[in-house]
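Heads up: numbering here begins at 1 and tracks the sequence. When reading the values below, keep in mind they use all heavy atoms of this one structure, side chains included, and skip hydrogens, waters and symmetry mates.
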Amino acid sequence: LTGKITPKQVVLISGTTSEGDLFRDTANGKAAMWWLLPTLLFTGARTGELVQMRLDDVYKVDGILTAHIRADEEHGQTVKTEAGKRVVPIHPVLLALGFDEYLERMRGAGHERVFEAFKLYSDKSSRSASRWFGEIYKKRFLSEGLGEGKKVLHSFRSTFITSALNNGADDRLVQQLVGHSNSKELGATAIYDKGADVPQLFEAIKKVRFDGVDFERLVDGWQGLKLK
């Protein structure tokens with residue numbers, strides 16, 4: 001089992017410490033690397049789902065910026081289960097940090113994937129991101145603060161789910177957001193459940209919050225970093 005990432009650790013990971021800005025070096029100096037960690041925290045997505053996500057997969061639905069997690073063999077996109085095909089509204093914290101601007105910058109630069117700095121492997125889409133976090137980034141900067149081997153990228157997903165449920169999000173909406181099947185809970189009636197719409201999911205994802213954590217300090221932290 002992996003441990004959960006605490007919100008304060010997220011601010012440390014994406015911010016600045018007494019050792020200097022952790023992203024202003026050749027090993028970590030990519031905007032995608034900066035954005036990956038808060039995006040994992042506020043979407044609950046699997047790492048591989050984000051790494052393979054294309055810029056065309058993120059667009060507005062009912063006026064809400066929404067990520068579409070899909071299976072597309074032509075572009076090397078896969079999902080773990082059928083329930084993994086889903087939509088995830090972009091959390092207000094990510095919008096406040098400038099996620100929409102980041103997407104536009106990536107599009108303007110001619111890139112195709114949201115996190116193009118990470119190589120997309122056909123056998124395991126999360127490999128390059130997991131290797132970066134575990135072998136380069138965490139090992140160099142955060143081994144003491146996160147606990148060697150205990151905190152991995154999947155830990156962000158656990159933290160998202162815990163926050164959503166603890167702050168009153170409906171269980172079925174959380175399942176839909178993270179791509180878990182609800183067939184066991186609903187039984188035969190699951191066939192009639194078409195899922196919540198984007199506005200309903202947006203209200204649910206807004207319940208993911210971390211009181212007392214100042215995410216504003218991260219604003220513009222990605223600016224000036226290489227896009228790829």
Side-chain angles (χ1 to χ4, degrees), residues 1-17 19 21-23 25-53 67 69 76-81 83-84 86 88 90-91 93-94 97 99 113-167 174-175 177-181 205 208-210 213 215 218 221-222 225:
L1 294 177
T2 61
K4 295 182 179 67
I5 297 289
T6 69
K8 290 183 179 180
Q9 287 171 336
V10 173
V11 174
L12 170 65
I13 289 168
S14 295
T16 301
T17 71
E19 296 182 30
D21 191 328
L22 305 184
F23 286 88
D25 66 77
T26 56
N28 303 288
K30 305 288 180 64
M33 295 171 175
W34 189 95
W35 274 109
L36 179 66
L37 307 180
T39 306
L40 285 168
L41 182 70
F42 283 105
T43 63
R46 299 176 177 90
T47 304
E49 294 171 339
L50 293 184
V51 170
Q52 67 189 12
M53 185 174 290
I69 298 174
Q77 294 173 292
T78 61
V79 291
K80 188 175 182 178
T81 64
R86 63 196 190 278
V88 181
I90 301 303
H91 195 285
V93 169
L94 295 178
L97 294 179
F99 190 65
R113 288 187 292 117
V114 177
F115 298 95
E116 193 141 339
F118 294 106
K119 184 176 180 180
L120 183 59
Y121 289 93
S122 59
D123 60 333
K124 190 174 184 179
S125 53
S126 64
R127 181 191 299 178
S128 60
S130 297
R131 181 177 297 169
W132 163 75
F133 183 70
E135 298 180 10
I136 299 176
Y137 188 74
K138 190 179 76 167
K139 183 177 180 180
R140 179 172 176 183
F141 294 113
L142 301 167
S143 59
E144 180 178 352
L146 292 182
E148 191 66 33
K150 296 180 180 179
K151 305 293 180 70
V152 296
L153 289 180
H154 195 75
S155 301
F156 289 87
R157 181 171 165 87
S158 300
T159 301
F160 172 92
I161 294 172
T162 299
S163 176
L165 295 176
N166 286 349
N167 289 301
V174 175
Q175 287 179 321
L177 285 168
V178 300
H180 286 167
S181 173
I205 207 168
V208 175
R209 68 179 191 272
F210 304 98
V213 179
F215 287 100
L218 302 183
W222 65 280
L225 299 178

Here the pair of heavy atoms bringing Val174 nearest to Ala164 is CG2-CB, 3.8 Å
_Quick check against the 3.5 Å criterion: does Arg86 have a side-chain atom that pairs as donor or acceptor with the backbone of Leu177?_
yes
Smallest heavy-atom separation, Val178 atom then Gly44 atom, equals CG1-O, 4.0 Å
Rounded to the nearest 0.5 angstrom, the CZ-CG distance for Phe160 and Leu40 is 11.0 Å
task: Would you kindly say whether Asn166 and Thr162 are connected by a side-chain donor-acceptor distance under 3.5 Å?
output: no
Taking side chain as C-beta onward, heavy atoms only, is Tyr121 less than 4.5 Å from Arg131?
yes
- Thr39 versus Phe115: any side-chain heavy-atom pair under 4.5 Å? yes
Do Phe118 and Met33 come within less than 4.5 Å of each other through their side chains, counting heavy atoms only?
yes
Strictly distance-based, threshold 3.5 Å: is any side-chain N or O of Arg46 a donor or acceptor partner for the main-chain N or O of Ser126? no
Practice problem: Kindly say whether Met53 contributes a backbone atom to a donor-acceptor pair with the side chain of Arg113 at under 3.5 angstrom? | Solution: no
- Query: Do Val93 and Phe210 have side-chain heavy atoms sitting under 4.5 Å apart?
  - Reply: no
Ala129 and Leu36 have their tightest heavy-atom pair at CB-CD2, 3.9 Å
Could you check if a side-chain atom of Leu37 sits within less than 4.5 angstrom of a side-chain atom of Leu153, using non-hydrogen atoms only?
-> yes
Only one of Val114, Val88, Thr43 passes side-chain contact (heavy atoms from CB on, under 4.5 Å) with Leu50, and that residue is Thr43
Item to check | is_close_aromatic(Phe42, Phe215), centroid dist under 6.0 Å | outcome: yes
With distance as the sole test, does His154 use its side chain to make a donor-acceptor pair with the main-chain N or O of Thr47 at under 3.5 Å? no
Note: Pro38 and Leu97 closest approach over all heavy atoms is CB-CD1, 4.5 Å
| query | So Trp222 and Trp35, would you call those rings parallel, tilted or perpendicular, with 30° and 60° as cut-offs? | reply | tilted
